[in-house]
Amino acid sequence: MENQLSKQKKLDLRYLRMARIWAENSYCKRRQVGALVVKDKMIISDGYNGTPSGFENICEENNVTKPYVLHAEANAITKLARSSNNSEGSTLYVTASPCIECSKLIIQSGIKRVVYAEKYRLTDGVDLLKRAGVVVEYMNPDEEETSQD
């Protein structure tokens with residue numbers, strides 16, 4: 001059983017690192033966030049924070065994020081809606097803890113587990129996910145890598 005847990009933890013860390021790399025696609029300057037939706041060990045969707053399709057790739061104005069910028073989770077989930085993939089029972093890996101708006105989308109999309117790498121000062125999104133029965137795990141890839149050396 002312990003071996004299975006460490007296998008899952010290694011997979012989780014790998015997907016979190018991949019989400020971090022995916023975040024580099026974001027044009028946002030203040031904060032780059034990446035998300036991957038994984039089901040049966042396959043990435044079925046991805047997203048990063050940014051403006052909607054067809055908009056200029058400028059996320060901030062006077063160091064304030066524009067109100068229409070989409071979060072990474074929202075981009076990954078809406079991308080799923082345009083595909084033939086189904087997120088029921090999947091895991092979302094995201095570089096930052098989900099906000100309350102993204103948490104509502106996560107719940108409605110059938111994602112059953114969320115693994116995130118950075119805590120945010122507001123916990124209402126994580127609290128809502130837990131209330132809905134979604135398994136939520138905080139995992140810092142940087143701390144994990146150093147503890148395994």
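Each residue takes its place number in the sequence, starting with 1.
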Should [X] and [Y] count as side-chain neighbours, where that means a heavy-atom distance under 4.5 Å?
| X | Y | result |
| --- | --- | --- |
| Val37 | Leu80 | yes |
| His71 | Val94 | no |
| Leu16 | Thr95 | no |
| Ile106 | Leu129 | yes |
| Lys112 | Thr91 | no |

query = Can you name the side chain to side chain contact (heavy atoms under 4.5 Å, CB included) partners of Leu105, sequence neighbours left out?
reply = Ala74, Ile77

Side chain to side chain contact (heavy atoms under 4.5 Å, CB included) partners of Asn57, counting only residues at least two apart = Tyr27, Thr51

If the condition is side-chain hydrogen bond (donor to acceptor under 3.5 Å, both in side chains), which residues does [X] pass it with, not counting sequence neighbours?
| X | result |
| --- | --- |
| Glu56 | Lys66, Tyr68 |
| Ser26 | Asn49 |
| Gln108 | none |

Shortest non-hydrogen separation from [X] to [Y] and the atoms involved:
| X | Y | value |
| --- | --- | --- |
| Gln8 | Tyr93 | NE2-OH, 3.9 Å |
| Arg113 | Val134 | N-CG1, 3.9 Å |
| Pro141 | Leu13 | CA-CD2, 3.8 Å |
| Asp12 | Met139 | CB-SD, 3.6 Å |

key: Where at least one partner belongs to residues 32-41, residue pairs that pass side chain to side chain donor-acceptor pair (under 3.5 Å), sequence neighbours excluded   = none

inquiry  = Quick test of your reading: applying side chain to side chain donor-acceptor pair (under 3.5 Å), list the pairs with at least one residue in residues 72-90, sequence neighbours left out, ordered by first then second residue.
reply    = Asp46-Lys79

inquiry  = Starting from Leu70 and following side-chain heavy-atom contacts under 4.5 Å between hydrophobic residues (I, L, V, M, F, W, Y), which residues can be reached?
reply    = none

task = Hydrophobic side-chain clustering at under 4.5 Å (ILVMFWY, transitive links): who's grouped with Ile21? Put none if nobody.
result = none

Could you list the donor-acceptor pairs under 3.5 angstrom formed by side chains in residues 115-125, with sequence neighbours left out?
unit_1	atom_1	unit_2	atom_2	d
Glu118	OE1	Arg31	NH2	3.1
Thr123	OG1	Asp127	OD2	3.0

key: Salt bridge flag under 4.0 Å for residues Arg20 and Asp142   = yes

request  = Measure the spacing between CD of Glu101 and CG of Leu128 and express it to the nearest 0.5 Å.
outcome  = 10.0 Å

task = Among residues two or more places apart or on two chains, list those pairs meeting disulfide (SG to SG under 2.5 Å) that have a residue in residues 17-79.
result = Cys28-Cys59

Exam field: side chain Ser45 to backbone Ala76, donor-acceptor pair closer than 3.5 Å = yes

ask   = Among the clusters formed by ILVMFWY side chains lying less than 4.5 Å apart, do Ile107 and Ile44 turn up in the same one?
value = yes

query = Same cluster for Ile111 and Tyr48 if Ile/Leu/Val/Met/Phe/Trp/Tyr side chains link at under 4.5 Å?
reply = no

key: Residues Val126, Tyr138; criterion side chain to side chain contact (heavy atoms under 4.5 Å, CB included); working and verdict   = CA-CA 10 Å; Val126 170; Tyr138 164 74; over 6 Å; no

message = Val135 vs Val114, test: side chain to side chain contact (heavy atoms under 4.5 Å, CB included). Steps then yes/no.
response = CA-CA 6 Å; Val135 176; Val114 174; over 6 Å; no

message = According to disulfide (SG to SG under 2.5 Å), who are the partners of Cys99, at least two apart in sequence or on a separate chain?
response = none

